[in-house]
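Structure record follows, encoded as structure tokens.
Predicted, not measured: the structure shown is a model, and the values here were computed from it. We count ligands from 1, going down the list as the structure has it; atoms in each ligand are counted the same way.
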Amino acid sequence: MATATARASTPRAAAAPPSPRALSRRRRARAPRRAVPARARVATTDEDASASRRPCATLRDARATSAPLADALGDGPDAVPDGPAVFALLLRGDSGDGDDDVAYVGASKRAREAIAAAARSLACSSSELRVARASLPKASRKPALRAAAAAWIAELGRVPSGNAAEDEAEAGGAGGGGGVEEGARERPTRRGRKATMADVARVVISADATKALCEDGFVVLDDVLPLEFFAAARKACEALKADGKMEALGQDGRDDLVGVLDAAALPRGGSAYGGVTPLAELLLAIPDALRARAGGSGGEDDKENGRFKGVTKKKTTAAEETRARLKTATPPPRLMLANYPGSGARYVSHLDNDPNDPGHLEGEIGSRACDRAVTAIVYMNDGWEESRGGCLRIVRRSENGGGASGAVDVAPSEGRLVLFDCRRVPHEVLPAHHTRWAMTAWIND
Ligand SMILES: O=C(O)CCC(=O)C(=O)O
Ligand SMILES: [Fe+2]
């Protein structure tokens, strides 16, 4: 996967994505067969979403009201309350121009404790540090906390040195606990390094997110990138549509227009369609992050014919089967843009990898429906509200009589990333009454 990200980030020809005709031919035959009966709605992820919407302040806003570490941890007016918060530790700049560097970004349910631990791990004098902070909703859970920290890191455009040291400590076998490593004691460098979408993916695909994906078959993650990325993507998508690059597949049961992005030739930043590229790069970085979290194979040496080899798949429960698939996750060669133009456009219930579909084995290796392990979708729709319909309805099936069952409706809200197991999770797009944009990667195994 690293190769796809690297390729995607090198300069490319200003490119219209290739025609979706090939995909169209393959998928036309794949009308979903199984109708999933409408089930009681057991939950709406909008409740989670309101608890995990973007942090109330951007990093820039929070920096404007930063306080010295001692005050943040004291009892005075600048004291940090011990609730959930996203925070940054700022290190006094050398230049004397008052421009502090961000040395660490974190988010925690117990902000005071986490700030104190992060400050200790930075191994610089605490008098050099300031704290920027934004409270998060009380009900914030770990995926939302991770997403909030990821949003600040993405806003910063680089991985702070304290976070980079923590990543290295984790990769060195310290375990994926996500806490601040006691060992990360090198003095932070002033600039850290530039953040890549691989860094963002590593933060977004937390251990908890991976666990939820395995156990429930799906996971919904919010605010995976700052909203500016989605505004730029929408603009690029509208340009693609206006230029005739989006086509209806003519497949029974689905009303979307589809465009294809070649992972190896994504539109160049700054070009008319360049706004789609950061989202595509994030989707392409997810397989690596999933594989690392699932304890899968390492680098290119583990590959045979471009696929990971030698991973034993112990299959007992659905969760174990999903985890086994994650261990060999690889990025697809192409990504799909989909636009439901409103007027009740929908996609009836189906599985993305369904052996009963006639076209299951058709197409090039890596692009066939049978190659799909995990569907990853990012939504780009600002201001989505219930009256617009267009939710992704996911059907949960209880396993051996246990586990949750029923339908979950996921609003296609801007900034949201949904992952689900392609073989386990029947889903549909409910009639959309407003234009609806999504980008999808079918991650292979
Ligand atoms: O856009 C979505 O929410 C899901 C679309 C879908 O199921 C598909 O394209 O296979
Ligand atoms: Fe689907």
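- The side chain of H350, and not its backbone, has at least one atom closer than 4.0 Å to an atom of ligand 1 (non-hydrogen atoms only; side chain from C-beta on).
- When non-hydrogen atoms are compared, ligand 1 lies under 4.0 Å from neither the backbone nor the side chain of D256.
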_D255 vs R346, test: salt bridge (Lys or Arg N to Asp or Glu O under 4.0 Å). Steps then yes/no._
CA-CA 6 Å; D255 307 317; R346 60 179 301 201; 5.7 Å; no
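- Salt bridge annotation for R234-E414: present, with a cationic side-chain nitrogen under 4.0 angstrom from a carboxylate oxygen.
- Within the cation-pi definition used here (under 6.0 Å to the ring centroid, within 45° of the axis), R416 does not qualify as a partner of Y379.
- Not one N, O or S atom of E428 sits under 2.8 Å from the Fe ion (ligand 2).
- The pair D421-R325 meets the salt-bridge criterion, since a charged nitrogen lies less than 4.0 angstrom from a carboxylate oxygen.
- Residue-ligand proximity: T440 is placed with every non-hydrogen atom at 4.0 Å or more from ligand 1.
- Note: angle at the Fe ion (ligand 2), from NE2 of H350 to NE2 of H427, is 90° (rounded to 10 degrees).
- Closest to the Fe ion (ligand 2) among the N, O or S atoms of D352 is OD1.
- Of the candidates M336, R372, E428, it is M336 that places a heavy atom closest to atom 9 (O) of ligand 1.
- Residue K241 qualifies as enclosed at atom NZ: its count of foreign heavy atoms under 6.0 Å is above 12.
- With a 4.0 Å heavy-atom cut-off, ligand 1 is reached by the side chain of W442 but not by its N, CA, C or O.
- Interface atoms of ligand 1 facing D352, defined by a heavy-atom separation under 4.0 Å, are 10 (O).
- D243 meets the salt bridge (Lys or Arg N to Asp or Glu O under 4.0 Å) test with no other residue; sequence neighbours excluded.
- Any N or O atom pair closer than 3.5 Å counts here, and Y379 shares at least one such pair with ligand 1.
- Applying the ring pair (Phe, Tyr, Trp, His ring centres under 6.0 Å) criterion to F420, with sequence neighbours excluded, gives H427.
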*Determine, stepwise, if the pair R254 / H350 fulfils side chain to side chain contact (heavy atoms under 4.5 Å, CB included).*
CA-CA 10 Å; R254 68 184 292 184; H350 62 284; over 6 Å; no
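- Atoms of ligand 1 found under 4.0 Å from any heavy atom of I377, numbered from 1 in the order shown, are 2 (C), 3 (O), 4 (C).
- Among the atoms of C422, no N, O or S atom is found under 2.8 Å from the Fe ion (ligand 2).
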